[in-house]
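Counting starts at 1 for both ligands and their atoms, following the listed order.
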Amino acid sequence: MTKNTGSIHINQPLNTEVLPDILHRIHEEVIPAFGQGKVADYIPDLKCVEPHQFGLALRTVKGEEFTIGSADTAFSIQSISKLFTLMLALDIAGEALWERVGREPSGMRFNSLLLLDSEGGIPRNPFINAGAIVVTDIIAARSSSPVRRIEEFIASLSGNKDNRIDQQVAAGEKATGFRNIAIANLLKAMGNIEADVNQTLDCYFKQCAISMSCRDLARATECLANRGRSSFKSSFHAEAMDKRINSLMLTCGLYDAVGNFAYNVGLPAKSGVGGGIVAVSPGQYTVSVWAPELDHYGNSVLGQLALEKLTTYTQTSVF
Ligand code: GLU
C-alpha cells in the first residue's frame, strides 16, 4: 500500500519477501502479449531472433538478485549502450559535453535527421542516434583504442568479461546503417564530429552490437540506483552522475514514447531495439527486461508491460 501523508504519496520500500511471487505473476500475465509486436527488422541479424522470449532480472542496492524467464540469455543491447557511453564520455569530458549535445526530448524518431540541420548540428539529447554518435565521438577522439575502451568499461561495470561485441551484428548494421551514416556525416559537416567520421561510426555500430543478459544489465547499471557506486567496478564512483543520467532517462530514454512510459511505469529507463529495457528505482533497485517484439516506437511490448506491472504491484514508481 502507498503511504498517504496528507495529499503526498511516498513510494514504498521494495518488499523482497513477496517479490518472487510478484515476478511469477508478472511472467504469467505478460506471456499472452506475445505476437503483439514485431522484432526489429532493419538490422539484419536482429530479424532472425526468436520473437517469443522474455526475461527479467532485478538487483537491489543490497546486492540481492531476483530473476524470471530468460534472464541469463545474452541479447543485443543496441541503444542501451548509449547509457554507458554517456557515463564514460561524461567521465572524460565533464560538463563540456553539454556544449555539443542538448538535454531535451526530441519528439522525433530516434534516427531522425530533421532537427539536426535546423538546430545547428547540436542533437537534442544523448539518447537519440545523433546525440549518441556525438557522445561516442568524444570517446573516439580521446582514446587510442576507443572500441576496446567502451567494451572493457561495460564489461567492468557488469563484472562479466563475456559482455563483448557481436561482430556479425555490428557488420550487418554497418552494411545497412545508411541513416546513421548520413547523421554522422551531417554532424561532421556541421563541425560536431572531432575524430575521423568513419572511426566514430565504426565505434557506434560496435557499441550497439554488445551482447548482455538482463542480469548483466541490472548489475552494470547499479551505480545509477546506488549514488554512483558499483559493486563490480569499485574505481568508478560517479558522484552526481546518477542524478544527471536518471533525469535524462526519464525525459529521453524511451524514444518518442517517453511520456507514456513515465505515466505507466514511473521509473527512469533506457530501451534498445534489441528488445531490452533497463530501469532504475533510485536508492532501491535496477531492473532489466528483455522481450524482442517491439511496438511502433521501437520499445519492447512485453518489457513495458512487465515494468508497468512491477511498479504497480510493488508500489515503487518514483511518483
Ligand atoms: N543500432 C541502432 C541504430 O542505430 C540502435 C537503435 C536503438 O536501439 O534505438 O539504429
Side-chain angles (χ1 to χ4, degrees), residues 37-49 74-86 101 105-114 116 123-137 139-140 147 150-151 154 165-187 193 197-198 200-212 214 217 220-221 248-249 251-258 261 269-279 288-301 303-304:
K38 222 161 111 299
V39 297
D41 55 7
Y42 75 102
I43 298 174
D45 272 75
L46 296 189
K47 67 174 166 222
C48 309
V49 172
F75 59 91
S76 194
I77 65 168
Q78 294 295 320
S79 263
I80 299 174
S81 65
K82 294 169 183 173
L83 259 188
F84 302 116
T85 47
L86 180 60
V101 189
S106 75
M108 298 269 170
R109 274 191 77 73
F110 62 93
N111 56 7
S112 173
L113 283 116
L114 284 181
L116 208 50
R124 277 285 176 100
N125 69 66
F127 295 148
I128 53 172
N129 287 10
I133 290 170
V134 171
V135 168
T136 299
D137 181 64
I139 302 166
V147 173
I150 293 169
E151 199 177 27
I154 295 178
I165 296 160
D166 183 327
Q167 297 293 347
Q168 198 175 313
V169 174
E173 194 172 351
K174 190 171 180 176
T176 56
F178 302 112
R179 273 194 163 266
N180 289 326
I181 295 168
I183 290 171
N185 280 285
L186 184 55
L187 285 165
I193 291 287
V197 68
N198 292 319
T200 294
L201 266 170
D202 181 62
C203 223
Y204 173 75
F205 289 133
K206 287 183 172 152
Q207 77 182 53
C208 290
I210 289 178
S211 293
M212 296 174 81
C214 290
L217 282 167
T221 47
L248 282 162
M249 286 202 285
T251 51
C252 311
L254 268 92
Y255 312 122
D256 214 7
V258 73
F261 187 84
K270 181 74 200 87
S271 67
V273 295
I277 306 177
V278 62
S288 173
V289 277
W290 171 60
E293 289 177 319
L294 310 178
D295 65 11
H296 159 77
Y297 296 102
N299 296 315
S300 170
V301 174
Q304 292 174 91

Check ligand 1 for N or O atoms under 3.5 Å from a protein N or O and list each pair with its distance.
| unit_1 | atom_1 | unit_2 | atom_2 | d |
| --- | --- | --- | --- | --- |
| ligand 1 | 1 (N) | Gln78 | OE1 | 2.6 |
| ligand 1 | 1 (N) | Glu173 | OE1 | 3.0 |
| ligand 1 | 1 (N) | Glu173 | OE2 | 2.5 |
| ligand 1 | 4 (O) | Asn129 | ND2 | 3.0 |
| ligand 1 | 4 (O) | Glu173 | OE2 | 3.2 |
| ligand 1 | 4 (O) | Asn180 | ND2 | 2.8 |
| ligand 1 | 4 (O) | Tyr204 | OH | 2.7 |
| ligand 1 | 8 (O) | Ser79 | N | 3.0 |
| ligand 1 | 8 (O) | Ser79 | OG | 3.0 |
| ligand 1 | 8 (O) | Tyr255 | OH | 3.2 |
| ligand 1 | 8 (O) | Val273 | N | 2.8 |
| ligand 1 | 9 (O) | Ser79 | OG | 2.6 |
| ligand 1 | 9 (O) | Tyr255 | OH | 2.4 |
| ligand 1 | 10 (O) | Tyr42 | OH | 2.6 |
| ligand 1 | 10 (O) | Asn129 | ND2 | 3.4 |

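- Scored by the side-chain contact (heavy atoms from CB on, under 4.5 Å) test, Ser76 finds Leu46, Gln78, Val169 as partners (sequence neighbours excluded).
- Ser300 places no side-chain N or O within donor-acceptor distance of the main-chain N or O of Trp290, the cut-off being under 3.5 Å.
- A search for side-chain contact (heavy atoms from CB on, under 4.5 Å) contacts involving Asp202 returns Val147, Lys174, Lys206, not counting sequence neighbours.
- Remark: Phe205 engages no residue in a ring-ring contact (aromatic ring centres under 6.0 Å, His included) (not counting sequence neighbours).
- Under the 3.5 Å distance criterion, the side-chain polar atoms of Glu151 are matched with a main-chain donor or acceptor of Ile165.
- The closest side-chain heavy-atom distance from Arg179 to Asn129 is not below 4.5 Å.
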